[in-house]
Amino acid sequence: MLIKLMVFLPLLTALVGGLGRDVLGNFGTKIVTTAGLFISCIIAWITFATYLNGTGVAQIIPVLDWIRSGNLSVDWSLRVDTLTAVMLVVITTVSALVHLYSWGYMSEDDSQPRFFAYLSLFTFAMLMLVTADNLVQMFFGWEGVGLASYLLIGFWYQKPTANAAAIKAFVVNRVGDFGFSLGIFGTFLVFGTVSIPAILAAAPGMAGTTIGFLGYRIDTMTLLCLLLFVGAMGKSAQLGLHTWLPDAMEGPTPVSALIHAATMVTAGVFMVCSLSPMFVVSPTAMTVVTLVGAATAFFAATVGTTQTDIKRVIAYSTCSQLGYMFFAAGVGAFNAAMFHLFTHAFFKALLFLGAGSVIHAMHHEQDMRFYGGLRKKIPYTFYAMLAGTLAITGLGFEEVFGFAGFYSKDAIIEAAYAHGGEAGGIAFAVGVFAALLTSFYSWRLMFLTFWGKPRWAGSEHIQHAVHDANGHDAHAHDDHSGEGAGSDPHAVRIVEGTAGYHPHESPMTMMLPLVVLSLGAIFAGYLFHNQFLGAERGAEFWNNSLAFSVHLTEAMESVPLLVKLSASIAMIAGFGVAYWAYIADTSIPAKITATFDPLYRFLLNKWYFDELYHLLFVVPAFAIGRFFWHRGDEKTIDRFGPNGAAAVVVSGGKLAAKLQSGYLYTYALVMLLGLAAAATWAMTR
């Protein structure tokens with residue numbers, strides 16, 4: 001009963017808050033939705049606690065009979081095992097804290113009931129996804145989070161950029177979801193069922209079999225796993241289907257923390273780990289997952305080094321960390337992938353909400369070039385983001401203590417090395433290099449935001465704030481081009497216009513979630529790494545809820561010392577480069593961008609994926625649309641259809657009008673002509 005309450009309570013509060021907003025008002029809606037999420041969160045932690053000691057068993061909780069059609073039988077049931085329990089904790093904890101955080105962040109918004117109802121609806125869809133007992137039910141939750149994310153990304157629908165980002169996320173995910181649906185159809189065709197436990201039990205027996213696809217005979221499990229993985233690529237923003245994720249930052253910052261840091265984007269990782277007994281049957285599929293994950297980690301980390309929007313830096317960081325999770329799964333370390341998902345939820349949500357606190361303090365300014373010197377102005381936000389940065393960069397000491405990312409990210413890198421082979425070697429090298437870049441862009445964000453002299457003067461947002469406060473126009477602003485735009489000489493004149501602006505700390509409703517998430521970023525890895533990663537305790541903890549390799553886990557513990565230290569060495573190197581460029585000698589970034597301008601532009605423009613897709617897909621799609629619109633619809637269907645029929649009626653009406661002259665002889669002539677025509681017709685018959 002508690003499990004059902006945990007899953008369906010967010011749906012109930014979404015309906016009550018959304019439909020009853022006129023009765024409840026802003027405060028009542030926030031109370032109902034937030035209280036519902038905290039209740040679900042408490043139940044999730046209680047459920048998770050039962051699995052920590054390895055004694056928990058998988059539970060199937062029937063809800064209702066759903067579909068009966070021929071051989072297809074689908075019951076709506078809630079399946080809870082260790083893997084699901086981990087996801088329940090992640091989803092409900094982050095969602096509950098985001099609800100509370102939004103009390104302060106969205107306090108001035110006119111549509112708060114709609115926003116909180118959307119948040120709860122999203123949480124329900126995500127809970128349905130992870131508790132699915134069959135692929136159809138999983139697809140229901142899969143599409144539900146797609147709908148909710150569309151509504152949340154485009155929440156500020158008055159902004160054209162928000163609408164465009166919502167549509168982009170929806171369309172790109174439809175590409176991935178098409179592959180996912182084909183995978184579900186193929187799985188039902190092969191196994192005769194959509195029940196996940198039944199499919200996983202039968203999967204090893206399909207090794208070596210083939211199936212016809214597009215005129216070719218293909219390994220059955222390779223085809224099914226790759227089709228399912230296409231869905232994971234879309235939802236988890238892997239290279240090729242990643243373009244929607246950075247643009248999704250157009251939504252409110254709490255949305256970024258909830259959807260694009262801790263829950264929706266990890267749905268693909270969860271799906272691959274949940275179906276891991278299928279994937280391990282196909283070495284080809286595992287290799288593809290490894291290489292795609294490694295390529296994504298490398299791509300997103302390189303792009304993150306050049307971005308200036310604080311939320312976009314964190315967004316590309318998310319994309320890169322998802323790549324880590326996938327190549328961990330690809331080398332068979334599904335437990336390490338899930339552990340990184342678990343720890344990542346805390347420190348990435350912390351970084352996003354911390355960024356929201358900075359944006360709140362800086363009057364909605366998101367460009368880091370116009371920050372600086374905020375360490376003493378908003379100290380609590382600074383310490384929270386410092387904890388998140390130390391967690392994502394992986395600061396720690398073996399056998400002593402480490403922040404969350406130290407245990408999970410290092411385990412992934414060690415797993416890639418221990419796996420061996422060409423794909424494992426590539427993943428290991430990329431993982432170490434991406435760790436260096438992660439450290440660099442994370443500390444770059446911290447140094448630009450919290451250290452150095454204030455560069456607020458160049459911000460239009462700050463000038464508008466001063467203008468509103470003082471009742472007069474602020475001075476002209478500098479441009480937003482180049483790494484050092486915030487230190488433009490004109491800023492000396494502008495400082496006088498913004499001298500009265502004082503960044504302020506966020507309200508308690510925003511700070512309390514930062515405190516809780518900071519604790520997770522600091523202690524989550526240390527407290528749970530034995531259960532998630534240990535060879536003996538790990539097997540007991542996971543209890544067959546995913547494909548756990550004792551051999552790989554033991555091999556990870558015996559890798560060379562240099563491999564164990566590689567991520568830490570990369571982290572220190574990234575920190576050193578960032579300190580050198582943004583603290584010791586701030587002229588270096590401008591010199592480097594001038595020297596390597598083509599490379600800088602390439603990275604700044606995100607490898608030109610958006611431009612390439614625009615050229616290959618958007619332009620032809622619009623051209624085809626215009627052709628069918630003008631040539632097909634207007635000049636063919638409308639011309640010979642409704643418009644043509646209307647033209648005939650109008651022409652006939654005009655002719656009939658000419659006959660209505662009012663003269664008797666005209667009517668007599670028409671009658672005679674009609675009689676003559678009738679007589680002629682009768683005689684010819």
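Of the possible polar contacts, none joining the T306 side chain to the T302 backbone as a donor-acceptor pair under 3.5 Å is found. Between the side chain of S282 and the backbone N or O of M278, no donor-acceptor pair lies under 3.5 Å.
Judged as a ring-ring contact (aromatic ring centres under 6.0 Å, His included), and not counting sequence neighbours, F279 has no contacts. Annotation: salt bridge (Lys or Arg N to Asp or Glu O under 4.0 Å) contacts of K606 (sequence neighbours excluded): D610. Here L182 pairs with F178, F185, L227 under the side chain to side chain contact (heavy atoms under 4.5 Å, CB included) rule; sequence neighbours left out. The salt bridge (Lys or Arg N to Asp or Glu O under 4.0 Å) search around R174 returns E143, D177, not counting sequence neighbours. Residues satisfying the ring-ring contact (aromatic ring centres under 6.0 Å, His included) criterion with Y216, sequence neighbours excluded, are absent altogether.
Here the closest non-hydrogen pair linking A285 and L226 is CA-CD2, 4.0 Å. Between V265 and T318, the shortest heavy-atom distance links the atoms CG2-CG2, 4.1 Å. Between F155 and P252, the closest heavy-atom pair is CD2-CG, 4.1 Å. Contact detail for G323 and T296: the closest heavy-atom pair is CA-CB, 4.2 Å. When all heavy atoms of T193 and A198 are compared, the closest pair comes out as CG2-CB, 4.0 Å. Nearest heavy atoms, S236 versus V269: OG-N, 3.6 Å.
Below 30°, between 30° and 60°, or above 60°: for W103 and F27 the angle between ring planes is above 60°, a perpendicular geometry. Classified by interplanar angle (parallel below 30°, tilted 30° to 60°, perpendicular above 60°), the ring pair W66/F140 is perpendicular.
Atom-to-atom distance recorded for W607:CH2 and F602:CZ is 5.5 Å, nearest 0.5 angstrom. Rounded to the nearest 0.5 angstrom, T243 OG1 and Y613 OH are separated by 6.0 Å. Between the CH2 atom in W629 and the CD1 atom in I637 there is a gap of 14.5 Å [rounded to 0.5 Å].
Counting heavy atoms from C-beta outward, V63 and S77 have side chains that stay 4.5 Å or more apart. The shortest distance between side-chain heavy atoms of F270 and M126 does not fall below 4.5 Å. Between S102 and L119, the closest side-chain pair of non-hydrogen atoms falls below 4.5 Å. Taking the side chain as every heavy atom from C-beta outward, L239 and F298 never approach each other to under 4.5 Å. K235 is not listed as a side-chain neighbour of L241, based on a closest heavy-atom distance of 4.5 Å or more. Residues M233 and F326 have side chains not in contact (no heavy-atom distance under 4.5 Å, counting atoms from C-beta outward).
Environment of CZ in R631: sparse, with no more than 12 heavy atoms of neighbouring residues, nucleotides or ligands closer than 6.0 Å. Sparse packing is recorded around OH of Y150, with 12 or fewer heavy atoms of other residues, nucleotides or ligands lying under 6.0 Å away. Within a 6.0 Å sphere centred on CZ of F628, heavy atoms belonging to other residues, nucleotides or ligands number 12 at most. For Q158, the CD atom is densely surrounded, since the number of other residues' heavy atoms within 6.0 Å is greater than 12.
For the residue pair T209 and T220, a side-chain donor N or O sits within less than 3.5 Å of a side-chain acceptor on the partner. If you check the side chains of D109 and W156, you find a donor sitting under 3.5 Å from an acceptor. In this model, a donor atom of one side chain and an acceptor atom of the other lie less than 3.5 Å apart for Y105 and T253.
Between F609 and F299, the gap from one ring centroid to the other is short of 6.0 Å.
Geometric assessment of K168 against the ring of W244 yields a negative cation-pi assignment under the 6.0 Å and 45° thresholds.
Each salt bridge (charged side-chain N to carboxylate O under 4.0 Å, His left out) pair with one or both residues in residues 146-159, not counting sequence neighbours, appears once here: K159-E250.
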(request) Step by step, work out the salt bridge (charged side-chain N to carboxylate O under 4.0 Å, His left out) result for R68 and D65. (result) CA-CA 8 Å; R68 296 286 185 273; D65 294 337; 3.7 Å; yes
(request) Verify side chain to side chain donor-acceptor pair (under 3.5 Å) between S120 and H99, making sure each step is shown before the conclusion. (result) CA-CA 9 Å; S120 294; H99 273 72; 3.1 Å; yes
(message) Pair D367, R369 - check salt bridge (charged side-chain N to carboxylate O under 4.0 Å, His left out), show working.
(response) CA-CA 5 Å; D367 194 325; R369 294 171 297 179; 2.6 Å; yes
(request) Determine, stepwise, if the pair Q112 / K30 fulfils side chain to side chain donor-acceptor pair (under 3.5 Å). (result) CA-CA 8 Å; Q112 293 179 59; K30 291 189 288 189; 3.1 Å; yes
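No option in T84, T92, L78, L9 other than T92 meets the side-chain contact (heavy atoms from CB on, under 4.5 Å) test with L127. Of the candidates L258, N173, L129, L245, N173 is the only one forming a side-chain contact (heavy atoms from CB on, under 4.5 Å) with M264.
Under the 4.0 Å criterion applied to side-chain N and carboxylate O atoms, R312 and D247 are assigned as salt-bridge partners.
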